[in-house]
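One structure is given below, encoded as structure tokens.
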Amino acid sequence: MGSAAHLVSVNVGLPRDLIWHGINVTTGFFKDPVKGRVPLRRLNLAGDRQADLTVHGGEHKAVYCYPFEHYDYWRQELPGVDLPMGSFGENFTTQGLLEPSVHLGDRFSVGSAEVIVTQPRLPCYKLGVRFQLDDMVKRFMASGRMGFYLAVTRTGEVGAGDEIKIISRDPNAVPVTEITRLYVADRYGDQDLASLRRALEVSSLPDSWKDHFRERLQQMHV
């Protein structure tokens with residue numbers, strides 16, 4: 001991460017219906033790049049909407065970011081599949097913000113808006129619907145290339161080419177990749193427990209994640 005971090009593409013889309021294994025599925029996964037400036041509001045970008053608001057969208061998932069750097073990996077993994085910007089359902093295709101260097105609670109300015117990192121992305125079955133591949137969720141998780149979500153702390157306008165500047169970092173900062181690893185880990189070592197306790201102190205981590213981790217700690221009697 002550094003001064004070179006910027007928006008490669010801003011992508012929005014409205015829910016659409018698809019047939020998946022004979023069942024009609026409504027998904028807001030499909031996003032298309034937008035030219036010019038786009039208003040960024042508290043809950044989403046103008047022109048963007050999610051289909052299932054029980055698991056997608058909302059204050060803590062206002063913006064989904066996916067690194068442009070991961071596209072080369074997926075072009076190798078998915079030969080012959082067209083992968084325009086927004087292919088992974090992201091609102092921001094970013095460059096210079098890889099998950100190991102992005103932390104819960106990191107605050108950034110982008111365009112005239114300000115945002116804060118809230119959580120990693122955990123893919124749902126609609127990723128498989130998007131690519132028409134039953135094993136896509138498993139492959140996505142195994143790749144470690146998950147992306148991350150942002151909450152909007154100051155509304156404004158954003159556009160492709162905007163620099164993404166770090167404003168501040170939470171004193172309990174835990175990398176996005178570490179949170180993902182802790183979420184799927186079968187057991188925790190001492191270092192894991194220390195990371196977990198730091199994560200619980202980050203105000204931007206949603207309560208649903210904190211509840212999950214507290215439950216895990218209770219199960220371990222620590």
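The figures that follow rest on heavy atoms only: side chains count, while hydrogens, waters and symmetry mates do not.
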Side chain to side chain donor-acceptor pair (under 3.5 Å) partners for D162, two or more places apart
R37

So, using salt bridge (charged side-chain N to carboxylate O under 4.0 Å, His left out) as the criterion, who are the partners of R41 when residues are at least two apart?
none

Counterpart residues, side chain to side chain contact (heavy atoms under 4.5 Å, CB included), relative to R181 (two or more places apart)
E178, D192

Would you please classify the geometry between the W209 ring and the Y183 ring as parallel, tilted or perpendicular, with 30° and 60° separating the classes?
tilted

Sorted by chain and number, sequence neighbours left out, side chain to side chain donor-acceptor pair (under 3.5 Å) with D32 holds for none

Residues passing the side chain to side chain donor-acceptor pair (under 3.5 Å) test with R145, sequence neighbours excluded, are none

With L78, which residues qualify under side chain to side chain contact (heavy atoms under 4.5 Å, CB included), at least two apart?
W74, V81, F131, L133, M136, R139

Who passes side chain to side chain donor-acceptor pair (under 3.5 Å) against T93, sequence neighbours left out?
N11, E90

Do the side chains of K31 and D48 get nearer than 4.5 Å, heavy atoms only?
yes

H70 and Y66 aromatic ring geometry - parallel, tilted or perpendicular at 30°/60° bounds:
perpendicular

Sequence neighbours left out, what passes ring pair (Phe, Tyr, Trp, His ring centres under 6.0 Å) with Y71? Give chain and number order.
F88

Quick test of your reading: applying salt bridge (Lys or Arg N to Asp or Glu O under 4.0 Å), list the pairs with at least one residue in residues 199-209, sequence neighbours left out, ordered by first then second residue.
none

Please identify each residue that fulfils side chain to side chain contact (heavy atoms under 4.5 Å, CB included) with A113, with sequence neighbours left out.
L40, V158

List the residues meeting side chain to side chain contact (heavy atoms under 4.5 Å, CB included) with N24, not counting sequence neighbours, and say none if there are none.
D17, I19, T26

By ring pair (Phe, Tyr, Trp, His ring centres under 6.0 Å) - contacts of Y64 (at least two apart)
Y149

